[in-house]
Amino acid sequence: MNPLNHVAIIMDGNGRWGLKHKKSRNAGHKAGLNSVEKIIRASIKNNIKYLTLFAFSTENWKRPKKEINYLFNLLEIFLKNKINDLHKKNIKLKIIGIKNFSSKLNKLLIFSENKTKTNKKLQINLALNYGSKSELMNAFKQLQKTKKNLNEKNFIKYLQTRNIPDPDILIRTGNTHRLSNFLLWQIAYAEIFFVKKLWPDFNEKDYNKIIKKFKSIKRNFGNV
Ligand code: IPE
Ligand code: IPE
Ligand code: MG
């Protein structure tokens with residue numbers, strides 16, 4: 001059975017869910033939060049140590065301003081309401097991506113990270129304003145400045161995922177088969193699961209099915 005440390009998820013399909021059920025994309029984003037909570041609980045039950053959630057990409061700024069504002073407002077309310085609860089559950093929150101939001105939201109994100117930084121049960125990496133290509137370019141540039149040897153070991157120290165093992169599983173919901181600029185380096189050997197269901201419909205049972213399948217896969221890492 002494969003050990004499972006890290007699950008990364010592209011939580012896609014909120015907009016379509018919202019349009020289908022409530023005639024509003026934003027209603028889908030709200031509904032998606034319930035799935036986030038379910039999957040956090042299920043990750044703890046499965047003793048997973050790292051859960052990386054793609055919540056907003058560097059490309060998502062192309063969306064209508066109204067939708068962007070709604071999303072960040074939702075995040076703010078979620079954190080304000082839930083950070084104590086996450087902390088009590090011994091969960092560590094880390095933001096990957098560039099924190100260039102309103103100063104109010106930036107402060108709340110930093111506060112949440114600091115409050116939970118010594119927690120040990122589960123680390124949630126929330127990818128916010130995250131883009132893999134810009135992460136990689138930035139890491140190359142930083143390493144170049146140090147004049148250290150250009151090798152993998154030195155390079156990964158400049159990624160935003162430094163100190164985090166690579167994902168074992170990548171899940172994308174929403175019936176779309178692409179990576180959308182997510183963790184391109186880190187998923188080199190992840191087992192990839194594309195799920196038809198939209199994110200707000202994704203539940204613990206779907207998650208456990210993937211975990212069970214993952215455990216039985218023969219992972220070669222180039223070997224035979
Ligand atoms: C993913 O759901 C959540 C974010 C990108 C914030 P979408 O909003 O992309 O949902 P669809 O793909 O349009 O249905
Ligand atoms: C990827 O979903 C980003 C997140 C889930 C946050 P998108 O819905 O933005 O991806 P594309 O634009 O369809 O590739
Ligand atoms: Mg989408």
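No hydrogens, no waters, no symmetry mates; every other heavy atom, side chains included, goes into these values. Whatever order the structure lists ligands and atoms in, that order sets their numbers, starting from 1.
The set of protein atoms (N, O or S) found at less than 2.8 Å from the Mg ion (ligand 3) reads D12 OD1, by chain and number.
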>> As a quick check of understanding, evaluate side chain to side chain donor-acceptor pair (under 3.5 Å) for N119 and H87, giving each step before the final call.
In response: CA-CA 7 Å; N119 289 345; H87 183 50; 3.0 Å; yes
>> Does L79 form a side chain to side chain contact (heavy atoms under 4.5 Å, CB included) with F111? I'd like the steps, not just the answer.
In response: CA-CA 10 Å; L79 279 180; F111 169 82; over 6 Å; no
Considering only N or O atoms, set out every pair between ligand 2 and the protein closer than 3.5 Å, with distances to one decimal place.
from	atom 1	to	atom 2	distance (Å)
ligand 2	8 (O)	D12	OD1	3.1
ligand 2	8 (O)	R63	NH2	3.3
ligand 2	9 (O)	N60	ND2	2.8
ligand 2	9 (O)	R63	NH2	3.2
ligand 2	10 (O)	R172	NH2	3.3
ligand 2	10 (O)	S180	OG	3.3
ligand 2	13 (O)	R178	NH2	2.7
ligand 2	14 (O)	R178	NE	2.7
ligand 2	14 (O)	S180	OG	2.6

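A side-chain donor-acceptor contact under 3.5 Å links N203 to the backbone of K205.
Contact check on E113 versus K117 returns no salt bridge, with no Lys/Arg side-chain nitrogen under 4.0 Å from an Asp/Glu carboxylate oxygen. Salt bridge annotation for E191-R219: present, with a cationic side-chain nitrogen under 4.0 angstrom from a carboxylate oxygen.
T161 is not listed as a side-chain neighbour of Y50, based on a closest heavy-atom distance of 4.5 Å or more.
The local environment of NZ in K49 is crowded, with over 12 non-hydrogen atoms from other residues, nucleotides or ligands closer than 6.0 Å. In the displayed structure, N220 atom CG is contacted under 6.0 Å by more than 12 heavy atoms of other residues, nucleotides or ligands.
With ring centers used as reference points, F155 lies under 6.0 Å from F140.
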